[in-house]
Amino acid sequence: FIGDYSQPLLRSEEPRTNGHYRWSTHTLDSKAVEDFRRRLKYFFMNPCEKYRARGRKPWKLMLQILKIAITTIQLVSFGLSNEMMVTFKDENLVTFRHLFLKGFKDHRQESYSLYTKADVYDHIHYIINTYINLQNLTVANLAYERVDGEYTPLSVCREFYRNSSIDPGTDTFDIDPHIDKGTKAQKSCFPLLIYVCMSSLLSVNIYLTLKTINLQTVRHHELPDCYDFHIMIMFDNRAHSGKIKVYVENDARIYECRDWNVEGASGKNDYLLLWFDSVVILACLTSLILCTRSVINGIQLQFEFNIFFHAYYNKIVPWSDRMEFVNGWYILIIVSDMLTIAGSALKIGIQTKFLTNYDVCSILLGTATMLVWVGVIRYLGFFKKYNILILTLRAALPNVIRFCCCAAMIYLGYCFCGWIVLGPYHDKFRTLDRVTECLFSLINGDDMYATFLNLRDKSYMVWLFSRLYLYSFISLFIYMVLSLFIALITDTYETIKHHQQDKVPVSQLQAFIAECRDQPESGRYQTDEELTSCCLSPRCCLP
């Protein structure tokens with residue numbers, strides 16, 4: 001219900017020392033009410049209207065525009081460096097697979113596997129011989145690790161059940177589930193592999209360390225990094241199915257090279273990048289302070305409006321009206337500023353070679369830049385045709401969240417059912433995270449035929465269940481849930497559009513502010529200090 005707020009109860013106010021009012025219940029001062037209404041209207045003006053009303057320059061607006069430019073440039077610069085690092089690590093991993101896995105092919109679809117004892121022992125010998133003759137075989141800049149002047153040895157170690165006696169022919173077994181590990185020493189561990197019983201063997205792990213330098217960064221005027229690749233080659237026999245899977249895992253450590261010299265490099269680019277990152281931190285820190293101050297001012301004005309409304313109209317302001325004083329865009333900018341400051345500090349640490357957290361830095365900077373660009377929608381909202389999109393998203397969000405919570409219960413039920421029943425027969429349902437990804441793709445109409453096709457050759461009962469499962473899920477979510485989801489947003493859009501056409505205030509706060517007819521150019525929004533400073537200047541003195 002929206003009442004008439006032009007005739008308040010007989011109340012009065014006492015001015016505070018900070019310019020706010022302490023409202024009491026004695027006599028009505030309509031001028032104070034109009035001043036307070038005018039303050040509220042000024043608070044909800046956009047930066048251009050505030051400039052016309054009081055002549056204050058929109059510093060936050062200009063700072064946000066500057067921030068969009070510098071954070072995007074910073075992200076692009078870091079993204080190129082991060083891409084070179086990730087590409088270098090991935091290509092080295094492919095190189096290690098070709099070097100140490102006998103007969104490895106890039107186009108291999110299935111995992112690299114072995115099926116005979118001779119193959120297992122042959123591959124272990126192949127890896128050791130390749131490691132010994134590595135520098136004569138590879139075209140990469142690889143070297144062995146040295147600790148205290150001694151080369152780090154290659155280690156071949158095994159994991160096996162402590163005691164086991166297995167005889168499938170008589171359907172008998174005696175096994176101790178405790179797992180023993182071989183010593184990580186080449187001389188004492190490797191000979192034992194020849195005599196190990198495959199029925200008790202769980203895995204054979206080969207550990208080695210190689211060093212290299214990423215020279216491709218020189219072409220981009222960046223100082224090359226040194227890498228330590230800690231490689232583990234694992235022969236996995238945990239399933240005991242006659243198929244030993246072979247994996248190559250690579251853990252890279254990045255650090256600054258000890259002694260380096262790049263001809264013609266003065267380090268000027270590094271100092272420019274550090275200076276630019278410092279400018280980004282300073283700009284984000286300034287934006288953080290300004291937006292935090294605006295949020296605090298909004299909260300203070302919200303408390304004052306609540307007290308005023310209760311004193312004059314004997315009504316309680318609903319929370320929906322009170323939350324309008326808390327600008328969500330400022331909260332978004334504050335979060336973005338904090339992420340940018342943290343990411344820029346990490347980036348400085350990476351450039352100075354004190355830190356190597358590329359992934360954390362990329363997540364912080366990427367998320368911050370995304371929020372900065374999303375914040376541009378706030379300024380598009382100053383135009384009526386664009387503002388309807390923002391109002392629709394804000395109004396529809398509570399209903400959308402409630403709807404998604406209900407739909408998520410059905411979605412999770414299908415996820416667990418598909419994982420348990422179809423997981424053993426279909427790769428896309430093998431793990432719970434794969435199930436969620438597969439079903440989400442089906443909702444969007446992706447890869448439907450392949451999902452049906454892969455279950456065609458299974459048992460009749462599984463095939464029949466899979467058809468009922470997939471048809472019911474697709475029909476329910478595409479034709480019902482997705483349609484209802486779109487209808488929620490469409491209904492909200494029509495409601496907002498109707499309110500904008502009829503210009504009907506949708507809240508008590510907006511109805512109260514609508515009583516103020518003063519335009520921004522009227523000069524009524526200027527404070528006493530601004531009027532005094534304005535009249536000292538012949539350009540802005542009113543006639």
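Position 1 is the first residue of the sequence, and the numbers go up from there.
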When you measure from the side chain of [X] to the backbone of [Y], do you find a donor-acceptor pair of N or O atoms at a distance under 3.5 Å?
X	Y	value
Tyr469	Tyr414	yes
Thr436	Asp433	yes
Thr72	Ile68	yes
Arg430	Gly423	yes
Ser113	Lys245	no
Ser362	Asp359	yes
Arg97	Lys105	no
Ser336	Leu332	no
His123	Phe100	no
Ser287	Cys284	no

Practice item. Take Thr71 and Leu75 through the side chain to side chain contact (heavy atoms under 4.5 Å, CB included) test and state the conclusion after the steps. Key: CA-CA 6 Å; Thr71 54; Leu75 182 69; over 6 Å; no
Review point. What distance separates Asp427 CG from Leu422 CG, expressed to the nearest 0.5 Å?
Key: 12.0 Å
Practice item. Starting at CG of Leu365, measure out to CE of Met370 and round the result to the nearest 0.5 Å. Key: 12.5 Å
Does the side chain of [Y] come within less than 4.5 Å of [X]'s, by heavy atoms?
X	Y	value
Ile478	Phe473	no
Val481	Tyr411	no
Met232	Asp251	no

Revision key, fill the gap. Between Arg238 and Asp236 the two heavy atoms that sit nearest each other are N-OD1, 3.0 Å
Practice item. Could you tell me which non-hydrogen atom of Leu40 sits nearest to which non-hydrogen atom of Phe325, and how far apart they are? Key: CD2-CE2, 3.6 Å
Exercise for review: Take Leu93 and Glu249 through the test side chain to side chain contact (heavy atoms under 4.5 Å, CB included) and record every step on the way to the result.
Suggested key: CA-CA 8 Å; Leu93 179 59; Glu249 297 180 3; over 6 Å; no
Aromatic rings [X] and [Y]: how do their planes relate, parallel, tilted or perpendicular, breaks at 30° and 60°?
X	Y	result
Tyr112	Phe104	tilted
Phe485	Phe403	tilted
Phe229	Tyr227	parallel

Practice item. Carefully, step by step, assess Phe78 and Ile350 under the rule side chain to side chain contact (heavy atoms under 4.5 Å, CB included). Key: CA-CA 10 Å; Phe78 179 76; Ile350 291 172; 4.1 Å; yes
Review point. Per the side chain to side chain contact (heavy atoms under 4.5 Å, CB included) rule, which among Ile333, Ile331, Ile334, Asn297 passes with Thr292?
Key: Ile334
Check your understanding: Ion pair present between Lys102 and Asp119, side-chain N to carboxylate O less than 4.0 angstrom?
Key -> no
Review point. Given the rule in the side chain to side chain contact (heavy atoms under 4.5 Å, CB included) test, do Gln300 and Ile296 qualify, once you have shown the distances and angles that lead to the verdict?
Key: CA-CA 6 Å; Gln300 291 175 347; Ile296 294 173; 3.9 Å; yes
